**Q** 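Below are the structure tokens for one structure; questions will follow.
Predicted model only: the values in this text are computed from it and were never measured. In the text below, chain A, chain B and the rest are named by the order of the sequence lines, each starting its count at 1.
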Number of protein chains: 2
Amino acid sequence: MNVRQKPERTRLSAEDWEDAALSLIAEQGVGALAVEALARQLGVTKGSFYWHFRTREALLQAALERWEQYGEREIISQIEAIPDPRERLPELFRRVAHELQPHRVYAALLKALDHPLVVPVMARVSKRRTEFLHTAYSEAGMEANEALNRARLTYAAYVGFLQLNFTLGLPRLNHEEFDAYVEHMIATLIPA
Amino acid sequence: MNVRQKPERTRLSAEDWEDAALSLIAEQGVGALAVEALARQLGVTKGSFYWHFRTREALLQAALERWEQYGEREIISQIEAIPDPRERLPELFRRVAHELQPHRVYAALLKALDHPLVVPVMARVSKRRTEFLHTAYSEAGMEANEALNRARLTYAAYVGFLQLNFTLGLPRLNHEEFDAYVEHMIATLIPA
DNA sequence: TTGATTCCATACGCATGAGTATGGAATGCT
DNA sequence: AGCATTCCATACTCATGCGTATGGAATCAA
């Protein structure tokens, strides 16, 4: 038995609550975000929560902002660092495909598009990513208008894949099948 | 003023509740499926509901089964009636793209993939549709393995588009832009 | 060390929504 | 017409989960 299974920090900060909220969202969805449940998970009671946050919605708001902030910064900069523009998209596809954790929150938020707080966040994030794809396709030599539609198509394929395989667990591809699928995507969506 | 604004059927059947449930799901999502709300919308009270159904879950179950039954029968048979296999996919794309109402329920159910009752239904429906795409690509002359991945990609693009444009209302394409997008999809996803 | 501030526990109130109990109205059957 | 069955209204109970009130413990500042 480990001495400190959890950090065992006797006092909590607002950020601790936000992180806990995000991981709970990733695992059980936005709907499962309840303050008493979170408190139990953190080993405290509601009394703590309502000192740090005015309401449940306030926590969700803060957690979403936090997620939007520290979201995709690294990957984008890594891809932009690749000198040859024509190599960026395949590399992006492969990198994103082998991530896992970052998708969980996004997939969960996708299922919470009813909630008025998550809609604007998802709108901004999706817009940024699509625009990133747009310029990537353009820099790879694709005509402007086609590049935009291809970016939309690509991002839609990504989002749909999350829903079908991630959340729904539909075809439950094994490793080889998944890699073959990714290469197929690259072959059909990225110009030679 | 019309004499009978609503069918004004004084007694309701279980099917009436199921249809009302489906339209409510389409408009406000599975989470909004509450019996008292439905009852108000139907002009009755809970007393009626609990005569027709044992529980709220039972209604959802029945509504889902109903939706799965009378779902996509027509479109599939229409497409299969097209003699030239190579014309089926483009026609399918255009037809589906100009539907609207059938997508609403599917999009709503996509956001309820947490719920244990909707998961198996969505799994079956998505599986059937993907298999339909698979054979369509095969019959259009595509090699078996590639046809499967292309079917997955196509269906993922469909699902993702629903989320992004339908639910999220992201780029909010106008009519011309949308048609251009559909033609772009056809050009990139369907072999010449 | 002592006061102030920060953080948390306990015990509430209160709204919502599912499910139950029971009686009454509407409809079909004979 | 009269009875049984079907359908619905009314009036509850009960669980859940948000938010509040208030006091106490921990930590910091002096």
**Q** Is it possible for you to check whether R56(B) lies under 6.0 Å from the centre of the six-membered ring of F49(B), through NZ or CZ, and within 45° of that ring's axis?
**A**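 Output no; distance or angle outside limits.
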**Q** Check whether the ring centres of Y158(B) and Y155(B) lie less than 6.0 Å apart, and answer yes or no.
**A**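 Yes, the ring centres sit under 6.0 Å apart.
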**Q** How would you list all residue pairs meeting side-chain hydrogen bond (donor to acceptor under 3.5 Å, both in side chains) that involve residues 79-90 of chain B, not counting sequence neighbours?
**A** R88(B)-E139(B)
**Q** Just jot down the salt bridge (charged side-chain N to carboxylate O under 4.0 Å, His left out) partners of E146(A), sequence neighbours excluded, or say none.
**A** R150(A)
**Q** Where along nucleotides 17-25 of chain D does protein come under 4.0 Å, by heavy atom, of base (B) or sugar-phosphate alone (S), with - for untouched nucleotides?
**A** -BBB-----
**Q** Evaluate whether atom CD of E143(B) has more than 12 neighbouring non-hydrogen atoms of other residues, nucleotides or ligands under 6.0 angstrom away.
**A** yes
**Q** Between dT6(C) atom P and L12(A) atom CG, what is the distance in whole Å?
**A**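 After rounding, the reported distance stands at 16 Å.
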**Q** Tell me the interatomic distance from H52(A), atom NE2, to dT5(C), atom C1', rounded to whole angstroms.
**A**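 So the two atoms are 14 Å apart, to the nearest Å.
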**Q** Among residues two or more places apart or on two chains, list those pairs meeting salt bridge (charged side-chain N to carboxylate O under 4.0 Å, His left out) that have a residue in residues 104-117 of chain A.
**A** K111(A)-D114(B), D114(A)-K111(B)
**Q** Report the distance from atom CH2 of W51(A) to atom C1' of dT10(C), rounded to the nearest whole Å.
**A**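 In whole Å, dT10(C) C1' and W51(A) CH2 are 19 Å from each other.
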**Q** Taking only residues two or more places apart in sequence, or in another chain, which ones meet Q78(A) in a side chain to side chain donor-acceptor pair (under 3.5 Å)?
**A**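 Partners of Q78(A) under the side chain to side chain donor-acceptor pair (under 3.5 Å) test: R95(A).
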**Q** Can you identify which nucleotide, out of dA9(D), dT6(C), dA9(C), has its nearest atom closest to the S48(A) side chain?
**A** dA9(C)
**Q** Do any N or O atoms of the protein come closer than 3.5 Å to N or O atoms of nucleotides 28-30 of chain C, and which pairs are they?
**A**
none

**Q** What is the distance from atom CG of D16(B) to atom CZ of R11(B), rounded to the nearest 0.5 Å?
**A** 12.5 Å
